[in-house]
Amino acid sequence: MLSELKDRFQVTIPRPLVRELGLECGDMFDVYIEDGTIRLVPVVVYSKAEATELEALAAQAREAALGASEHAYDDAEEAAADYRELD
């Protein structure tokens, strides 16, 4: 597919690529040069507050996963009872 560089240095992303990647108007991209080619990588941008909250949630999930892996069940019934408590 070809795309032309316009007067304001804008390039149109061909519709089939937009659809395949699920892109929408307003999406953000990391733009850089790699091996002589221009790369556009779709990114999601979070505010600092949102990023801090996500980091805290990830830390909690890591701690929970480490704690969960240390627990051994004596039998399947005990594991099932524990699972039902999570619901």
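Counting from 1, the numbers follow the sequence of the chain as shown. Side chains included, hydrogens not; waters and symmetry mates left out as well; all remaining heavy atoms used.
Note that the NZ atom of Lys48 and the CD atom of Glu53 stand 14.5 Å from one another [nearest 0.5 Å]. Distance check, rounded to the nearest 0.5 Å: CG of Leu40 to CG of Asp27 gives 12.0 Å. Between the OG1 atom in Thr12 and the CD atom in Glu4 there is a gap of 9.0 Å [rounded to 0.5 Å].
Here the side chains of Phe29 and Leu23 are in contact, with some heavy-atom distance below 4.5 Å. Within the 4.5 Å cutoff, no side-chain heavy atoms of Met28 are placed close to those of Pro42.
Residues that satisfy the salt bridge (charged side-chain N to carboxylate O under 4.0 Å, His left out) test with Glu34, not counting sequence neighbours, are Arg39.
Formation of a donor-acceptor pair under 3.5 Å by the Glu63 side chain with backbone atoms of Gln60 is not found in this model. Of the possible polar contacts, none joining the Ser3 side chain to the Ile13 backbone as a donor-acceptor pair under 3.5 Å is found.
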Next item on the list: Under the side-chain hydrogen bond (donor to acceptor under 3.5 Å, both in side chains) rule, what do Ser47 and Glu50 come out as? Steps first, then yes or no, please.
Entry: CA-CA 5 Å; Ser47 69; Glu50 290 170 318; 3.2 Å; yes
Notebook entry, point to check: Could you go step by step and tell me if Arg8 and Gln10 meet the side-chain contact (heavy atoms from CB on, under 4.5 Å) rule?
Noted result: CA-CA 5 Å; Arg8 292 184 162 198; Gln10 295 174 331; 4.2 Å; yes
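Dense packing is recorded around CG of Leu57, with more than 12 heavy atoms of other residues, nucleotides or ligands lying under 6.0 Å away.
Grouping the Ile, Leu, Val, Met, Phe, Trp and Tyr side chains by contacts below 4.5 angstrom, directly or via other members, places Val11 apart from Tyr32. Val41 and Ile33 fall into different hydrophobic clusters, defined by Ile, Leu, Val, Met, Phe, Trp and Tyr side-chain heavy atoms under 4.5 Å apart, directly or through other members. Linking Ile, Leu, Val, Met, Phe, Trp and Tyr whenever their side-chain heavy atoms come within less than 4.5 Å puts Val31 and Leu17 in one cluster.
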